[in-house]
Structures are given as C-alpha cells and as structure tokens.
Protein chains: 2
Amino acid sequence: MQFTKAEEYGMFGVLYLAEQDPNKVVPLSEISEAQNIPEKFLAKIFQSLSKSGIIRSHRGVRGGFTLARDPKEISVKDVLETIQGPYHLMKCTEDQRNCTDGKSDEFCALRELILEAERRLVQVFEQHTLADLVEWQKTKSVSQLV
Amino acid sequence: MQFTKAEEYGMFGVLYLAEQDPNKVVPLSEISEAQNIPEKFLAKIFQSLSKSGIIRSHRGVRGGFTLARDPKEISVKDVLETIQGPYHLMKCTEDQRNCTDGKSDEFCALRELILEAERRLVQVFEQHTLADLVEWQKTKSVSQLV
DNA sequence: ACTCTTCGGCTTTCGTAAACTGCATTGTAC
DNA sequence: GTACAATGCAGTTTACGAAAGCCGAAGAGT
C-alpha cells in the first residue's frame, strides 16, 4: 500500500525539470545528483516517461531531458500512471476475474467500495499539475489545494 | 500500491462474520473454506483482529470467532488499519525523516499532495461500516455510497 | 570520418517483505 | 479425559522492488 521508489523518483525527477528554464536540457547525472537518485534507475524511469511523451530526450554531447509539454499540461496522474500503470488497490479492481472467491460474475460490495476509493485517489492526482506543485513549492503554501 | 492479501482476507473474513447470526460462533475452518482463504494465514490475521477488539475468539470444542461489536460500529478503516497499520502512500508521509532528499525539515509540495490523497482515501474507509457492506451485498446496490 | 558523450535496452543480482506452513501448547465443551 | 479449535512461535518459500552492469545506438562537436 505504498508508491514504489520508481514513482517517487520519477515525480522528483520530473519536478526538477519543471523547476528549470524550459529550454535547458538537463542530463541524468545532474538530476540524479541533485535529487539523490541512483542514475541508472532514474534512466529506466525516464525511458518510459519519454516514450509516453511526458519528457523529451536529447542524445549526444550536452544531451539530456526536457519536459515535452508545459508543466500546466502535465498532471501528477500522468506521471504516476506512466511509471506504474493504473493503480488498483486490489487485484479484483484491476480485473474482476482476480476475485479471491472466484465469484467474478457476482456483485461484490467490498469491490464497489474499493473502486470508489480508487476514484477518489485518482481525482487528487489528476486535478493537480506539475505547475501547481512548483508553484506551491515556491510559495510554501498549498492554499489552492482544495 | 496495493492492499496486501492479509487485508483482503481479513476484510472477507470479517464480512463473513457480519453476515451470520450474531450469536453464531464460526470456526476458522468454515470461514477459510467458504471464502477460499488459507486457514493458517487467516488464523494469524484473526489474532490481531481479536487483540484489537474487533472480533472475539472462543476456544475449545465448538469454538471459533464472532464479531465483538455491532457491524454498524466497525468501520472498514478499523479492520484495515488493525491488520496493516495506517497506510502511507510514501515513506515521507509516515515519517518526514524518510524524505528521499534528506531535506526532512523543508516544505515539500509533493508531500503535501500525497498527504491530501491519503486523507481522501481514509475518508472513504472510515465513513463506511461492515453493516453498510452487508446491506449493499443484500440489495446489490451501492446507492448510499455517496 | 572520428570520437566523446549521453541516452537506450537488456540482463543479472541483491535484499526484503509478503505469503504461506508446521508444530507444540492451551483452553473448553461434552 | 478426549476431541476440537484457537494461540504462539518458528520457520520456509516466493515474489518483487531496487538497484547495478554491460554494451549498443544516436547525436554533437571537431
């Protein structure tokens, strides 16, 4: 019941990019040092973020990464789901055939509750963008959180 | 980012009790067979639920378990937190010293967002009781969910 | 063209926690 | 007193998260 390091590192890495001058190409080495993240691990995470079009990679000398879009257009959900896939609190909310009882066709009250919890969780993450987080960090305030 | 089997089994086990006649003492063997749960594993889970006063154990011949309180008085949160402890989506929301950057004293926008997400999640689980779930299961409807 | 740099992709390793098991012990109803 | 069911503790096994390593590909600069 916790986010993985990959998600955590991915968020910090992407936030680091969002804080920079949009035109600055930032190499992995800089991010991993600044944010205290194992470089090769971050490389793997950034690969998937790159493939899904959240960040853009630049190879060669003075290469690195930039955000592919405006931070206002990247939700926290975008980042988290790219790294880990949609979060499901139970196997049965991912695919009902994973029901413990094997009663995959029946109504399950617990499953409905979990689905509702998942919806609430997603809401938080899709309502806020990288730009929001950078803004909060600057003002040290989350007054806009609601 | 998923509940453990322990939480899942625990919920199903407790729900099974909530569906029975409140005076019926149900042995582990019955629950584990009905709900398809490894008996010894369920035994371990039920021990902690018993210690925290959610269920009551009855030893000896024709022993087993009953709910310790009215299903209306047992929230889903009670059960889940007994089994797993309070859920934290990141290590840093459990204890700020676990911050990746080691900047445990500083304001962290991401942390604030995660804390908000946790609050939303808890709300869902503390607002609904075992009685609600049993009711939904009977009516096959979650109209009261909101 | 050559070379240096930085990402890309694949494989392997390591550690830890989840998931499950076994057995001896204690308590209780009959 | 014996059969049954939970208790408590000590395991084992499995799975996955979290890296680390290696080599190849692509682009920049000369």
Side-chain angles (χ1 to χ4, degrees), chain A residues 1-13 17 24-33 35-68 80 83-85 87-91 94 98 100, chain B residues 1-13 17 23-33 35-52 54-68 80 83-85 87-91 94 98 100:
Chain A
M1 189 48 189
Q2 249 180 18
F3 286 125
T4 61
K5 283 285 175 190
E7 286 169 299
E8 188 176 332
Y9 292 158
M11 277 302 304
F12 277 117
L17 288 181
K24 180 180 171 193
V25 177
V26 188
L28 276 177
S29 56
E30 178 181 335
I31 306 173
S32 75
E33 190 181 357
Q35 301 287 55
N36 229 351
I37 301 171
E39 188 171 332
K40 280 304 291 182
F41 195 11
L42 187 60
K44 192 185 224 170
I45 299 162
F46 267 32
Q47 271 179 44
S48 47
L49 289 169
S50 173
K51 278 179 186 165
S52 76
I54 290 172
I55 60 180
R56 194 190 316 279
S57 79
H58 307 263
R59 304 225 260 195
V61 177
R62 292 197 49 86
F65 293 90
T66 54
L67 288 184
L80 293 179
I83 297 172
Q84 211 70 359
Y87 19 74
H88 290 286
L89 300 178
M90 280 194 185
K91 302 242 185 271
E94 185 180 345
N98 293 327
T100 296
Chain B
M1 190 50 190
Q2 248 180 20
F3 286 126
T4 60
K5 284 285 175 189
E7 287 170 298
E8 187 176 333
Y9 292 160
M11 279 300 305
F12 277 117
L17 289 182
N23 297 321
K24 180 181 170 192
V25 176
V26 187
L28 278 177
S29 56
E30 177 179 336
I31 305 172
S32 73
E33 188 181 359
Q35 301 288 58
N36 230 348
I37 301 171
E39 185 171 334
K40 282 300 294 181
F41 196 11
L42 186 61
K44 192 184 223 171
I45 299 162
F46 266 33
Q47 270 181 44
S48 48
L49 289 169
S50 173
K51 279 180 186 162
S52 76
I54 290 171
I55 59 179
R56 194 192 314 280
S57 79
H58 307 263
R59 290 164 80 144
V61 177
R62 292 196 48 87
F65 294 89
T66 53
L67 288 185
L80 294 178
I83 297 172
Q84 210 71 359
Y87 19 73
H88 290 287
L89 299 179
M90 278 194 186
K91 301 241 185 273
E94 183 179 346
N98 293 327
T100 296

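Reminder, nothing fancy here: chain letters follow the sequence lines and each chain counts from 1.
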A.B. asks: Between dC20(C), dG8(D), dA20(D), which nucleotide has the shortest distance from any of its atoms to the side chain of Pro38(A)?
C.D. replies: dA20(D)
A.B. asks: What is the distance, rounded to the nearest whole Å, between atom CD of Gln2(B) and atom C1' of dA17(C)?
C.D. replies: 15 Å
A.B. asks: Go through dA20(D), dG8(D), dG8(C) for me and flag the one nearest to the Gln47(B) side chain.
C.D. replies: dG8(D)
A.B. asks: Of the non-hydrogen atoms in Phe12(B) and Gln35(B), which two are nearest, and what is the gap between them?
C.D. replies: O-NE2, 3.1 Å
A.B. asks: Using whole Å, what does the distance between atom P of nucleotide dG9(C) and atom CD of Glu39(A) come to?
C.D. replies: 17 Å
A.B. asks: Could you walk me through whether Thr66(B) and His58(B) pass the side-chain contact (heavy atoms from CB on, under 4.5 Å) check?
C.D. replies: CA-CA 8 Å; Thr66(B) 53; His58(B) 307 263; 3.0 Å; yes
A.B. asks: Report yes if at least one side-chain N or O of Tyr9(B) is closer than 4.0 Å to OP1 or OP2 of dA19(C); otherwise report no.
C.D. replies: no
A.B. asks: Is it the case that over 12 heavy atoms from other parts of the model lie below 6.0 angstrom from the CD atom of Glu39(B)?
C.D. replies: yes
A.B. asks: Grab the NZ-P distance between Lys5(A) and dG15(C) for me, whole Å please.
C.D. replies: 17 Å
A.B. asks: Return yes when atom NZ of Lys91(A) has more than 12 non-hydrogen atoms of other residues, nucleotides or ligands closer than 6.0 Å, and no otherwise.
C.D. replies: no
A.B. asks: What is the distance, to the nearest angstrom, from the CZ atom on Phe41(B) to the P atom on dG22(C)?
C.D. replies: 15 Å
A.B. asks: Round to a whole Å and report the spacing from CD1 of Ile45(A) to C1' of dG9(C).
C.D. replies: 15 Å
A.B. asks: What closest approach, in Å, do Gly10(B) and Phe46(B) show between heavy atoms, and which atom pair accounts for it?
C.D. replies: O-CE1, 4.5 Å
A.B. asks: Counting only side-chain nitrogens and oxygens, does Lys44(A) get under 4.0 Å of the OP1 or OP2 atom of dG21(D)?
C.D. replies: no
A.B. asks: Between C1' on dA19(D) and CG on Asn36(A), what's the gap in Å once rounded to a whole number?
C.D. replies: 14 Å
A.B. asks: Evaluate the criterion side-chain contact (heavy atoms from CB on, under 4.5 Å) for residue pair Leu89(B) and Tyr87(A); output intermediate values, then yes/no.
C.D. replies: CA-CA 12 Å; Leu89(B) 299 179; Tyr87(A) 19 74; over 6 Å; no
A.B. asks: For Lys40(A) and dT6(C), give me the distance from atom NZ to atom C1', rounded to whole Å.
C.D. replies: 10 Å
A.B. asks: Quick test: give all pairs of protein nitrogen or oxygen and nucleotides 2-5 of chain D nitrogen or oxygen below 3.5 Å, distance rounded to 0.1 Å.
C.D. replies:
{"residue": "dA5(D)", "atom": "O4'", "partner": "Gly60(B)", "partner atom": "O", "Å": "3.1"}

A.B. asks: Can you tell me how far C1' of dA19(C) sits from CD of Glu7(B), to the nearest Å?
C.D. replies: 13 Å
A.B. asks: Should Met11(B) and Leu80(B) count as side-chain neighbours, where that means a heavy-atom distance under 4.5 Å?
C.D. replies: yes
